[in-house]
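A quick note: this is a predicted structure, and the numbers were derived from the prediction, not measured.
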Amino acid sequence: MMKLMMFILFMFFMILNKKNYWMVFIYMMLLMFYLMMYYNIYGFSVLISYSLSVDSISFMFIYLSIWIFILMMLASNKIYENNEYLMVFMFNLMVLLLLLLLSFLSMSLMKFYLFFEGSLIPTLLLILGWGYQSERIQAGMYLLFYTLVMSMPMLLGIMYMYINLNVLDFYLLSFYNLNNMMLYFSMFMAFLVKMPMFLVHLWLPKAHVEAPISGSMILAGVLLKLGGYGLIRVMSFLLEMNMKFNYLWMSISVIGMILISLNCIRQIDLKMLIAYSSVAHMGLVLCGLMTMNFFGVIGSINLMIAHGLCSSGLFCLANFSYERLGSRSLFINKGLINLMPKMSLWWFFMCSMNMAIPPSLNLLGEIMLMNSMVIWSWLMIIYLFFYSFFCGVYNLYLYSYSQHGKYYMGMYSFSVGILREYYLMFLHWVPLNLLMFKSMLLM
């Protein structure tokens, strides 16, 4: 795996020149094809070097991280054209990508913790440096304090484990079954905030609204998935405690999914609506993980990857409207089908993917998660009925409200859409649909 790290480290020299922006984009595409050649579907760790390795779970998230990074570069054209501290921006993105990859590659819990927390700093700089509104400092503080307050107990938990067990390797830890309530809560709460679970989700909509398009994409696409990935890793040695407390997280999540879906229906800010829909989807992922069966875990990984692409695409579409109309309000973003008829098709595709229609990867993930939840308790059918219904309602609301009606007459500039934007949406949509036909790779 050091080959992957060295490739990205050499990219840092590329970004010293503004003219190399699209060259970096092309090299990242080459890296994707290189990883395709290396893919194997074994469940255990391979390519071990310097306590970094890859298995079938981490490989999918590594792939997702690099893919979202490529799409971020494509979406951040405004920063490139206006030269808004482009070199600093690119350096920040590269550091973030490196930290994310190291998080997914780490075999040691301590290393994972360091890179997991380290990814917070470039994200914070993205929001503070290239955010849109003046409230971005408050959003940055929310992000920082929610994550750090819950991460400190996790560090203490890791130290406690090292003192008592003398081991922090994920594989070796999976042979233990630690029956300690304080350790369980200290480990789990850091990841539940990062997911985010309902009740500790308030930082997410704020961070999304204030972040630039690249910040929103990486936040929805990869950073939320770190929480789910971390839960999968630490659950292996906390099984007994999880059996006692999984009903608690399930209860909070199923109620939260319905409340958040209802909350989506009353949003008037495009980005806020999409951000809240992320919280609802991640609630379903958490429920799947807490059922602790095969369907639940595999369905969670499926839905995380599908949501990463789908949510990122919706944020891109909201950004296209924002760049043209100067507002994200649904009162102003109306009647877009009259102004951008071709882009309206992509709005339809992405909203329908978000409500899990066939043949999207979201559908596969949601079917598996719903199966696992009903196996866990048949009463879940009631909650899932309401969740599915309201999920359809807010996606139809988003599409119909933004595309139909009379358009805003005070618009001063306009463009139907450029090739780069259609290419960007195409790269979001293709993996979402094609991966459904190769679902054995994700299972």
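Not counting sequence neighbours, the partners of Asp269 by the side chain to side chain donor-acceptor pair (under 3.5 Å) test are Arg328. Phe426 pairs by the ring pair (Phe, Tyr, Trp, His ring centres under 6.0 Å) definition with nothing, not counting sequence neighbours. Scored by the ring pair (Phe, Tyr, Trp, His ring centres under 6.0 Å) test, Tyr184 finds Phe188, Phe245 as partners (sequence neighbours excluded). In this view, Ser103 satisfies the side chain to side chain donor-acceptor pair (under 3.5 Å) rule with no residue, not counting sequence neighbours. Applying the ring pair (Phe, Tyr, Trp, His ring centres under 6.0 Å) criterion to Phe69, with sequence neighbours excluded, gives no partner residue. In terms of the side chain to side chain donor-acceptor pair (under 3.5 Å) criterion, residue partners of Asn77 (sequence neighbours excluded) are, by chain and number, Glu81.
Paired with Phe104 under the rule ring pair (Phe, Tyr, Trp, His ring centres under 6.0 Å), one option of Phe170, Tyr229, Phe112 passes, and it is Tyr229. Each of Leu231, Val200, Leu120 was scored for a side-chain contact (heavy atoms from CB on, under 4.5 Å) with Lys194, with one residue passing: Leu120.
By the 4.5 Å heavy-atom criterion applied to side chains, Asn433 and Phe349 are not counted as neighbours. Between Leu102 and Met5 the shortest side-chain heavy-atom distance falls below 4.5 Å. Taking the side chain as every heavy atom from C-beta outward, Leu4 and Leu31 approach each other to under 4.5 Å. Contact of the Leu369 side chain with the Thr291 side chain is not registered, since no non-hydrogen atoms from C-beta on lie closer than 4.5 Å.
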Indicate every side-chain donor-acceptor pair of residues 90-98 with a distance under 3.5 Å to a residue at least two apart or in another chain.
{"from": "Asn92", "atom 1": "ND2", "to": "Pro122", "atom 2": "O", "distance (Å)": "3.1"}

Name the atoms and distances for all side-chain donor-acceptor pairs under 3.5 Å in residues 204-213, with sequence neighbours left out.
none

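When the shell of 6.0 Å around CD1 of Ile137 is examined, it contains 12 or fewer heavy atoms from other residues, nucleotides or ligands. Within a 6.0 Å sphere centred on OH of Tyr50, heavy atoms belonging to other residues, nucleotides or ligands number 12 at most. A 6.0 Å sphere centred on CZ of Phe389 holds no more than 12 heavy atoms belonging to other residues, nucleotides or ligands. When the shell of 6.0 Å around OH of Tyr422 is examined, it contains more than 12 heavy atoms from other residues, nucleotides or ligands. Environment of CE in Met141: crowded, with over 12 heavy atoms of neighbouring residues, nucleotides or ligands closer than 6.0 Å.
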Passes side-chain contact (heavy atoms from CB on, under 4.5 Å), Ser344 versus Tyr399? Steps please. CA-CA 9 Å; Ser344 194; Tyr399 178 74; 3.5 Å; yes
With side-chain contact (heavy atoms from CB on, under 4.5 Å) as the criterion, how do Met353 and His428 come out once you've worked through the C-alpha distance, each side chain's angles and the decisive distance to 0.1 Å? CA-CA 11 Å; Met353 296 293 141; His428 275 107; over 6 Å; no
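A donor-acceptor pair under 3.5 Å is formed between the side chain of Trp203 and the backbone N or O of Val193. Judged purely by atom type and a 3.5 angstrom limit, Ser360 has no side-chain atom pairing as donor or acceptor with the backbone of Ala356. Between the side chain of Ser186 and the main chain of Leu183, a donor-acceptor pair closer than 3.5 Å is present.
For residues 143-163, the pairs satisfying side-chain hydrogen bond (donor to acceptor under 3.5 Å, both in side chains) are Glu117-Ser151, Tyr160-Asn180, with sequence neighbours left out. Contacts classified as ring-ring contact (aromatic ring centres under 6.0 Å, His included) and involving residues 263-284 (residues at least two apart or in different chains) are given here: His281-His307. Each side-chain hydrogen bond (donor to acceptor under 3.5 Å, both in side chains) pair with one or both residues in residues 375-395, not counting sequence neighbours, appears once here: Asn354-Asn395. Legend: salt bridge (charged side-chain N to carboxylate O under 4.0 Å, His left out) pairs involving residues 240-267, not counting sequence neighbours: none detected.
Atom CG of residue Asp169 and atom NZ of residue Lys111 lie 10.0 Å apart, to the nearest 0.5 angstrom.
Defined by atom type and a distance below 3.5 Å, a donor-acceptor pair is missing between the side-chain atoms of Ser108 and Ser51.
Scanning both residues, Leu317 and Met343, for their nearest heavy atoms gives CD2-SD, 3.8 Å. Gly308 and Ile68 get closest at one heavy-atom pair: O-CD1, 3.8 Å.
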